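Note sheet for the following structure.
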Amino acid sequence: MIKEEKVPFETLVFSGITFKVINRHEAHNIIGDLTDFKNQKIYNVFEDTWRFPDYEENPIFLLAEDDVEMDIFEMDFSTEEHPDIFILGFIFKGNLTVAKLISSYDTDNSPALIVLGKTTTVNINLFGNIHYLGGGLQCDTLAGEYNHGELFVKGDLIAWLIYTDDMLLHFERFTDIQAIISSGRPDVLICSNVQDTDGSIITVENYLPSTHKLSDLVDDAFIQYSDYGNEELGNSYLDIFKEGLSILDYDKKEKYLYADFRNQFINMVEVLSENEELKENGKIVRHISGTTYLFIPFDYEGKKYSQISEEISNGFGIRMRALWCHEDQEIMLILEYLDENGDPKYQWMNDENAPGIELFCVKHAAIKTFEILTAEVVEEEEDDEREYADYTIRFSLDEFAVQFGDYKVPEDLVKLYGFEQEYGVESYSECFGLTITEDKTGIKTWSEEEEFYNSFIEFAGANGSGSSYAYWLIDKDLNNCPIVVFGDEGGVHVVAENTQKLIQLLTLDTEISVDFDKAYFYQDEEYYEESENKEEFRNWVKEEFGLDAVESNEEADEIVAQAQKKYKQKFNDFLMKFDIEISEEDDDE
């Protein structure tokens, strides 16, 4: 039985609002039965100690039982008046109206926002926890950041812009949406009524790709460009959010409404039709990071068509096609979701004048594909260098070896370096990549004693949030040294007996999760997206080391458990020597 926590006081004022202070048990009674769109419970405030820590002093939830109105709402774990509390979440039973901005605290961790009524604001910027808006959302711009956060919105969504940078956003329905932009992969999911291939109507939750570029509707002053030329929101937008102003440029109406799409599309078809590559090969195609961009002419039922399409693989199975019928001079837009065989499961289909955010995806895909297919073509060798520039010209083997000092780089690691040079960092196992770390800055945050930080050699990034793999130097031969993971948010654990065992763990294609109590690999089937070169890596591991790929979380657990059984007690004794706290779970096992 979980001991019920006491609350330090009955009420607390936050952002000018008097909240009722409740404990974890009371919060569970209110939010414990909230579900996602697959009828799975969202919150477990007792077991999810990463999002709702049980090791902080005075952990509390703040509850507003009536409708709330405020000017700005920036969630924090404490207040100036009460710095000794730890706010796990804000629960609003009624409606929440905020004049300017609703914002989380930090991209890594934040109190959760749970609103059972309607949420209304100008700007809302969320991250760092699972957030739930149960009565709909009306805003100008909704932005989600980083994979430590997730958002569920039930009811009507009214917004000009939904923008996400590596954060999953789930919606029940789009009532009035102008634009969806995912900075990388699709991260927006929507419940939709779609037509199955047999004509029946079914309700599904699916990823919806971007409908626009940022420059199609955001003021240019708030857009910055990455090293690869991709558009991103610059930091200056936060100041505008806090003032309750919009980052959108409403004068770009012709762009964001695709007012001239018909003429644009006809021109794109004409330009691509004169391309020499088309005349030689019968099509123009590019494969980039698991996405296929294609232009192809074809005949169907006696009519001539030209198709511009984008197909997103890597577990998404989304194809967007725009077709021009030369005889009828009609444009058809098709958004399809494909099964594992590449056949359509269900689709949206209509002409270019039809309303609906779903068809904006296809228009955006057509324009993007045209830009890619008409980009300057370089020689094949140079093209390969350009495609892998981020990966293969990062550092030489000699540069990588410097951090190992007098230790010889294990031959197995050298082989992995060669594979990564050929196929690309993070392209074969989720969020894994070899790194150069000479200053031991991260390890020194655990202890600045020289004996401690000189007992490790970091050599790889372990996950997307900043954890790292390192050899624990208990032998002059690194082949006899176990591998530990340093968690970016606490926790350091032995995970593999040697390099080969770590390489075998990487074949699961799932980043490691690290918390204070343990480190583990967990592949969530619902959200799993296969790395581009996963199969090549698995085949390589089998051929090079004779090791079978790890197929399940349980198999990964067994490899970690073997390493723990062999080295855990010795490692814990080492940590305690430097007054580094170890978990009770580790200590008792």
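All values reported here derive from a predicted model rather than from experimental measurement.
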ring-ring contact (aromatic ring centres under 6.0 Å, His included), paired with Phe456, selected from Phe486, Tyr471, Phe404: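 The passing option is Phe486.
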Identified ring-ring contact (aromatic ring centres under 6.0 Å, His included) partner of Phe452 from the options Phe578, Trp446, Trp472: Phe578
For [X], does the [atom1] atom sit with more than 12 other heavy atoms under 6.0 Å from it, leaving out its own atoms?
| X | atom1 | answer |
| --- | --- | --- |
| Tyr207 | OH | yes |
| Lys444 | NZ | yes |
| Asn341 | CG | yes |

Answer with yes or no whether the side chains of [Y] and [X] bring together a donor and an acceptor at under 3.5 Å.
| X | Y | value |
| --- | --- | --- |
| Asp54 | Thr49 | no |
| Asn539 | Glu535 | no |
| Asp509 | Tyr528 | yes |
| Asp477 | Asn479 | yes |

Pair Leu508-Asn553, side chain to side chain contact (heavy atoms under 4.5 Å, CB included): steps then yes or no: CA-CA 8 Å; Leu508 183 61; Asn553 301 323; 3.9 Å; yes
As an exercise, state the distance from [atom1] of [X] to [atom2] of [Y], rounded to the nearest 0.5 Å.
| X | Y | atom1 | atom2 | answer |
| --- | --- | --- | --- | --- |
| Ile436 | Phe395 | CD1 | CZ | 5.0 Å |
| Lys534 | Glu529 | NZ | CD | 12.5 Å |
| Gln569 | Gln564 | CD | CD | 11.0 Å |
| Leu208 | Leu189 | CG | CG | 9.0 Å |
| Lys38 | Cys191 | NZ | SG | 9.0 Å |
| Ile42 | Asp48 | CD1 | CG | 12.0 Å |

Between [X] and [Y], is there a donor-acceptor pair closer than 3.5 Å when you use the side chain of the first and the backbone of the second?
| X | Y | result |
| --- | --- | --- |
| Ser210 | Ser182 | yes |
| Asp339 | Asp343 | yes |
| His493 | Asp515 | yes |
| Asp36 | Gln40 | yes |
| Glu231 | Ser215 | yes |
| Arg286 | Thr369 | no |
| Asp165 | Glu145 | no |
| Asn44 | Glu47 | yes |
| Asp475 | Leu478 | no |
| Ser427 | Glu532 | no |

Would you mind reporting whether [Y] and [X] have side-chain heavy atoms less than 4.5 Å apart?
| X | Y | value |
| --- | --- | --- |
| Met167 | Asp187 | no |
| Val560 | Leu505 | yes |
| Lys568 | Val494 | no |
| Glu311 | Leu338 | yes |
| Leu113 | Asn129 | no |
| Phe77 | Pro111 | yes |
| Leu413 | Leu416 | yes |
| Leu142 | Phe171 | yes |

Please find the pair of heavy atoms, one from [X] and one from [Y], that lie closest to each other, and give the distance.
| X | Y | result |
| --- | --- | --- |
| Glu310 | Ala365 | OE1-CB, 3.3 Å |
| Asp106 | Phe127 | O-CD1, 3.1 Å |
| Arg24 | Pro53 | NH2-O, 2.9 Å |
| Tyr417 | Leu397 | OH-N, 3.0 Å |
| Ile31 | Val45 | CD1-CG1, 4.0 Å |
| Cys139 | Ile124 | SG-CG2, 4.0 Å |

Using the six-membered ring wherever Trp is involved, compare the ring planes of [X] and [Y] and label them parallel, tilted or perpendicular (cut-offs 30° and 60°).
| X | Y | result |
| --- | --- | --- |
| Phe152 | His170 | parallel |
| Tyr423 | Phe419 | parallel |
| Tyr337 | Tyr346 | tilted |
| Phe574 | Phe571 | parallel |

Aromatic ring proximity, centroids under 6.0 angstrom, Phe516 and Trp50: no
Check: His212 ring centre within less than 6.0 Å of Phe360 ring centre: yes
Steps toward side chain to side chain contact (heavy atoms under 4.5 Å, CB included) verdict (Gln504, Glu555): CA-CA 10 Å; Gln504 189 174 21; Glu555 289 182 39; over 6 Å; no
Stepwise side chain to side chain contact (heavy atoms under 4.5 Å, CB included) check, Ile474 with Tyr567: CA-CA 10 Å; Ile474 60 174; Tyr567 293 108; 3.6 Å; yes
Chi angles and distances behind the side chain to side chain contact (heavy atoms under 4.5 Å, CB included) call for Phe241, Thr141: CA-CA 9 Å; Phe241 274 9; Thr141 298; 3.8 Å; yes
Intermediate values then yes/no, side chain to side chain donor-acceptor pair (under 3.5 Å), Glu420 and Tyr428: CA-CA 8 Å; Glu420 184 173 293; Tyr428 55 94; 2.7 Å; yes
Salt bridge flag under 4.0 Å for residues Lys154 and Glu172: no
